[in-house]
Amino acid sequence: MVAAADAPNYVQKLGISHDQVVQELGWDEDTDDDLRAAVEDTIGSDLLDEESDEVVDVVLLWWRDSDGDLVDALMDAIGPLADEGVVWVLTPKTGRPDHVEPSEIAESATTAGLTQTSTANLGDWVGSRLVQPKAARTKR
C-alpha cells in the first residue's frame, strides 16, 4: 500500500491530468486504493470500468503474473483508447507475489502493436507506459 501522501506524486508520474478520461482494468483487492483515489481526485470524476464504451485517454491495467495472457488484455485495453492515449500496465514490484518480468511486458506490448516508452516506480507497484506507434495513429 502506498502512503496516501505519495499517491498524488504517483499520479503526476503517470502524466494524468484534470478532465482526462481514465479507464481501470484488472481491479482486485490488492490494487492501490490511495493511487486510485488520487487519480479520481485529479481527473475530477470516477474511473471507468471494463463495461464502459467511452473513448479514453488513459487505461490503467492492473496486471499480475497469474492473470492470464497479457497480450489479450492489452488488445482489449487499446480498443477504447484515443489516438494519443496511453496504457499503463501496473504490476507488482520485483520480489512481491505475482511479479511480472519486464521482458514479458515488452514482448506482449510489441505483439499487441504497442511501444513501451518508460516505467514509473509507484510504491508496491511498477507502471510500464505503453503507446500506439505514431504511424498507426496517423492512418485513421
Side-chain angles (χ1 to χ4, degrees):
M1 196 55 99
V2 168
D6 292 334
N9 183 41
Y10 294 154
V11 173
Q12 194 172 29
K13 285 183 178 184
L14 296 173
I16 295 173
S17 59
H18 185 66
D19 287 338
Q20 283 189 311
V21 178
V22 180
Q23 183 178 36
E24 178 183 47
L25 304 175
W27 178 91
D28 205 341
E29 293 180 11
D30 64 344
T31 57
D32 187 322
D33 288 332
D34 290 333
L35 176 58
R36 296 175 72 248
V39 169
E40 288 180 335
D41 287 347
T42 299
I43 64 176
S45 64
D46 292 338
L47 296 169
L48 301 178
D49 63 18
E50 287 98 349
E51 304 303 315
S52 176
D53 58 359
E54 287 187 50
V55 175
V56 299
D57 301 303
V58 179
V59 173
L60 298 179
L61 174 60
W62 300 95
W63 193 257
R64 301 143 202 92
D65 189 51
S66 62
D67 283 346
D69 187 355
L70 181 54
V71 174
D72 287 345
L74 290 173
M75 295 302 290
D76 291 342
I78 60 177
L81 200 60
D83 288 345
E84 300 292 324
V86 174
V87 176
W88 279 98
V89 179
L90 306 173
T91 59
K93 191 176 253 182
T94 303
R96 302 208 38 97
D98 265 343
H99 166 71
V100 178
E101 291 297 325
S103 60
E104 181 182 342
I105 297 168
E107 291 168 14
S108 297
T110 300
T111 303
L114 297 168
T115 302
Q116 184 172 349
T117 61
S118 63
T119 59
N121 178 350
L122 306 168
D124 290 341
W125 295 82
V126 174
S128 299
R129 184 178 186 269
L130 310 178
V131 298
Q132 299 172 84
K134 292 195 183 306
R137 290 188 292 219
T138 57
K139 69 181 180 185
R140 288 187 182 187

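The list of salt bridge (Lys or Arg N to Asp or Glu O under 4.0 Å) pairs with a residue in residues 63-75, not counting sequence neighbours, reads D30-R64, R64-D67. Listed by first and then second residue, the ring pair (Phe, Tyr, Trp, His ring centres under 6.0 Å) pairs involving residues 32-80 are W62-W125 (not counting sequence neighbours). For residues 89-121, no pair satisfies ring pair (Phe, Tyr, Trp, His ring centres under 6.0 Å), with sequence neighbours left out. For residues 20-45, no residue pair satisfies the ring pair (Phe, Tyr, Trp, His ring centres under 6.0 Å) rule, not counting sequence neighbours. The list of salt bridge (Lys or Arg N to Asp or Glu O under 4.0 Å) pairs with a residue in residues 7-27, not counting sequence neighbours, reads E24-R36. Annotation: ring pair (Phe, Tyr, Trp, His ring centres under 6.0 Å) contacts involving residues 33-54, sequence neighbours excluded, are absent. Residue pairs meeting the salt bridge (Lys or Arg N to Asp or Glu O under 4.0 Å) criterion with at least one member in residues 37-60, sequence neighbours excluded, do not occur.
Residues A77 and P80 share a closest heavy-atom pair of O-CD, 3.4 Å. Closest approach of V59 to L25, counting heavy atoms only: CG1-CD1, 3.7 Å. Considering all non-hydrogen atoms of both residues, N121 and Y10 come closest at O-CE2, 3.6 Å. Across T31 and G26, no two heavy atoms sit closer than the pair CG2-O, 4.2 Å. Across S17 and I43, no two heavy atoms sit closer than the pair O-CG2, 3.6 Å.
Under the rule for a side chain to side chain contact (heavy atoms under 4.5 Å, CB included), the partners of T117 that lie at least two apart in sequence or sit in another chain are R129, V131. With sequence neighbours excluded, no residue forms a side-chain hydrogen bond (donor to acceptor under 3.5 Å, both in side chains) with D76. For S66, the side-chain hydrogen bond (donor to acceptor under 3.5 Å, both in side chains) test picks out D98, with sequence neighbours left out.
Residues L14 and V58 fail the side-chain proximity criterion, which asks for heavy atoms closer than 4.5 Å. For the pair L70 and L61, the minimum side-chain heavy-atom distance is below 4.5 Å. Residues V22 and V56 fail the side-chain proximity criterion, which asks for heavy atoms closer than 4.5 Å.
The CG atom of D124 sits 11.5 Å away from atom OG1 of T91, with the distance rounded to the nearest 0.5 Å. The line from OG1 of T115 to CD of Q132 is 9.5 Å long, rounded to the nearest 0.5 Å.
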Under 3.5 Å, side-chain donor or acceptor atoms of residues 102-114 against the rest of the protein: list the pairs with distances, not counting sequence neighbours.
unit_1, atom_1, unit_2, atom_2, d
S108, OG, E104, O, 2.8
T110, OG1, A106, O, 3.1
T111, OG1, E107, O, 3.0

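V100 and L130 fall within a single hydrophobic cluster, where Ile, Leu, Val, Met, Phe, Trp and Tyr side chains are chained together by heavy-atom contacts under 4.5 Å.
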Problem - From CA spacing to verdict: side chain to side chain contact (heavy atoms under 4.5 Å, CB included), D32, L122 - result: CA-CA 9 Å; D32 187 322; L122 306 168; over 6 Å; no

